[in-house]
Amino acid sequence: MRIGHGYDVHKLSQDRKLIIGGVEIPFEAGLLGHSDADVLLHAVCDSLLGAAALGDIGKHFPDTDPAYKDINSLFLLKKVGELISEGGYKICNIDATIIAQSPKMSPYIQKMRENIAEALNIDVSLVSVKATTEEGLGFSGRKEGISAHSVCLID
């Protein structure tokens with residue numbers, strides 16, 4: 001059994017859509033990045049890649065490659081799932097947390113879980129997604145950005 005941890009952060013920007021967990025969330029700003037800047041999926045990718053000692057998301061999908069400009073991160077997650085399978089690993093579980101002062105994530109969490117499970121071809125019961133605020137503290141508390149952590153277990 002192997003454990004992996006992933007972390008990602010993106011700055012909020014007025015001229016972008018907010019996409020987290022493969023869900024477009026109505027909000028006044030979106031996340032800035034080379035891809036769709038899906039902070040949750042990027043953290044999940046990094047936790048899986050880390051558990052399998054395969055590097056990180058930047059190694060496999062560099063932000064210098066125009067092929068990944070504005071790409072849907074669900075595609076990247078699916079590719080990471082394929083790498084995990086090719087390595088002979090099975091995903092035991094994923095536990096992820098979104099850190100955002102706003103918007104409220106609770107209405108979208110079930111769909112995020114379903115999107116992650118579908119992209120990885122695993123049962124939704126193996127995917128946990130939670131959300132929290134930082135009580136107005138730090139960059140996320142000031143609504144400057146959103147971050148996510150992910151921990152996974154593979155066997």
Side-chain angles (χ1 to χ4, degrees), residues 2-52 54 56-58 60-61 63 68-85 89-135 138-141 143-155:
R2 300 173 69 124
I3 297 170
H5 175 263
Y7 172 78
D8 196 38
V9 61
H10 285 278
K11 182 179 180 176
L12 282 163
S13 174
Q14 296 299 316
D15 54 351
R16 297 272 299 199
K17 292 179 181 178
L18 181 60
I19 300 170
I20 300 179
V23 178
E24 187 174 333
I25 300 171
F27 193 57
E28 64 208 35
L31 294 171
L32 189 60
H34 184 70
S35 66
D36 63 3
D38 190 323
V39 69
L40 174 60
L41 297 187
H42 294 180
V44 171
C45 285
D46 270 351
S47 70
L48 291 166
L49 291 167
L54 294 173
D56 63 16
I57 193 170
H60 295 275
F61 316 106
D63 64 6
Y68 302 116
K69 178 73 176 142
D70 297 322
I71 196 163
N72 184 328
S73 292
L74 284 168
F75 173 80
L76 304 180
L77 182 60
K78 183 174 178 158
K79 291 296 182 190
V80 167
E82 291 169 3
L83 290 170
I84 297 301
S85 291
Y89 295 107
K90 178 185 97 173
I91 298 169
C92 299
N93 79 304
I94 296 167
D95 184 23
T97 304
I98 305 160
I99 300 102
Q101 194 64 36
S102 60
K104 292 290 184 193
M105 297 292 156
S106 57
Y108 310 102
I109 284 181
Q110 182 60 31
K111 182 62 177 163
M112 292 175 189
R113 292 178 63 222
E114 292 167 3
N115 287 345
I116 293 167
E118 183 178 339
L120 295 171
N121 198 29
I122 60 175
D123 192 85
V124 71
S125 68
L126 301 179
V127 180
S128 171
V129 175
K130 306 173 298 299
T132 189
T133 70
E134 288 192 308
E135 309 270 338
F139 71 88
S140 68
K143 301 180 188 177
E144 296 171 5
I146 295 176
S147 65
H149 288 269
S150 175
V151 178
C152 73
L153 183 66
I154 61 174
D155 190 22

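When the shell of 6.0 Å around CD of Glu118 is examined, it contains 12 or fewer heavy atoms from other residues, nucleotides or ligands. The number of heavy atoms from other shown groups lying within 6.0 Å of CG (Asn121) does not exceed 12. In Leu32, the CG atom is crowded: over 12 heavy atoms of neighbouring residues, nucleotides or ligands sit closer than 6.0 Å.
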With a cut-off of 3.5 Å and sequence neighbours excluded, list every side-chain donor-acceptor pair involving residues 147-155.
unit_1, atom_1, unit_2, atom_2, d
His149, ND1, His5, NE2, 3.1
Ser150, OG, Ser47, OG, 2.9

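The two residues Ile109 and Val129 have their closest heavy-atom pair at CG2-O, 3.3 Å. Taking each heavy atom of Ile146 and Leu18 in turn, the nearest pair found is CD1-CD1, 4.0 Å. The minimum heavy-atom distance between Leu40 and Ala96, with the atom names listed, is CD1-CB, 3.5 Å. Gly81 and Leu120 make their closest contact through CA-CD2, 3.6 Å (heavy atoms, listed as atom of the first residue, atom of the second, distance). Nearest approach of Gln14 to Ala29, heavy atoms of both residues: NE2-CB, 4.0 Å.
Using modelled atom types and a 3.5 Å distance limit, the side chains of Ser140 and Glu134 yield a donor-acceptor pair.
In terms of modelled atom types and a separation under 3.5 Å, the side chain of Asp70 and the main chain of Asp36 share no donor-acceptor contact. A donor-acceptor distance shorter than 3.5 angstrom exists from the side chain of Arg16 to the backbone of Gly33, with no hydrogens or angles considered. When atom types are taken as modelled, the side chain of Asp56 and the backbone of Asp46 share no donor-acceptor pair closer than 3.5 angstrom. Ser102 contributes no side-chain N or O that, together with a main-chain N or O of Lys104, makes up a donor-acceptor pair within less than 3.5 Å. In this structure, Asp38 contributes its side chain and Ser73 its backbone to no donor-acceptor pair below 3.5 Å. No donor-acceptor pair under 3.5 Å is formed between the side chain of Asp123 and the backbone N or O of Leu126.
Rounding to the nearest 0.5 Å gives a distance of 5.5 Å between CD1 of Ile20 and CE of Met112.
Checked against side-chain hydrogen bond (donor to acceptor under 3.5 Å, both in side chains), Asp95 has the following partners two or more places apart in sequence or in another chain: Ser128, Lys130. Residues forming a salt bridge (charged side-chain N to carboxylate O under 4.0 Å, His left out) with Lys79 (at least two apart in sequence, or on another chain): Glu82. By the ring pair (Phe, Tyr, Trp, His ring centres under 6.0 Å) test, Phe139 is found to be paired with no residue, residues two or more places apart in sequence or in another chain being considered. When the ring pair (Phe, Tyr, Trp, His ring centres under 6.0 Å) test is applied to Phe61, the partners found at least two apart in sequence or on another chain are Tyr68.
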Check step by step if side chain to side chain contact (heavy atoms under 4.5 Å, CB included) holds for Leu31 and Ile19.
CA-CA 8 Å; Leu31 294 171; Ile19 300 170; over 6 Å; no

Which is it for Leu77 and Val44 under the side chain to side chain contact (heavy atoms under 4.5 Å, CB included) test, yes or no, and what are the steps along the way?
CA-CA 8 Å; Leu77 182 60; Val44 171; 3.8 Å; yes

Check step by step if side chain to side chain contact (heavy atoms under 4.5 Å, CB included) holds for Thr132 and Met105.
CA-CA 9 Å; Thr132 189; Met105 297 292 156; over 6 Å; no

Could you walk me through whether Ile94 and Ile116 pass the side chain to side chain contact (heavy atoms under 4.5 Å, CB included) check?
CA-CA 9 Å; Ile94 296 167; Ile116 293 167; 4.2 Å; yes

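Judged as a ring-ring contact (aromatic ring centres under 6.0 Å, His included), the pairs with a partner in residues 32-51 (not counting sequence neighbours) are, in order, His10-His42.
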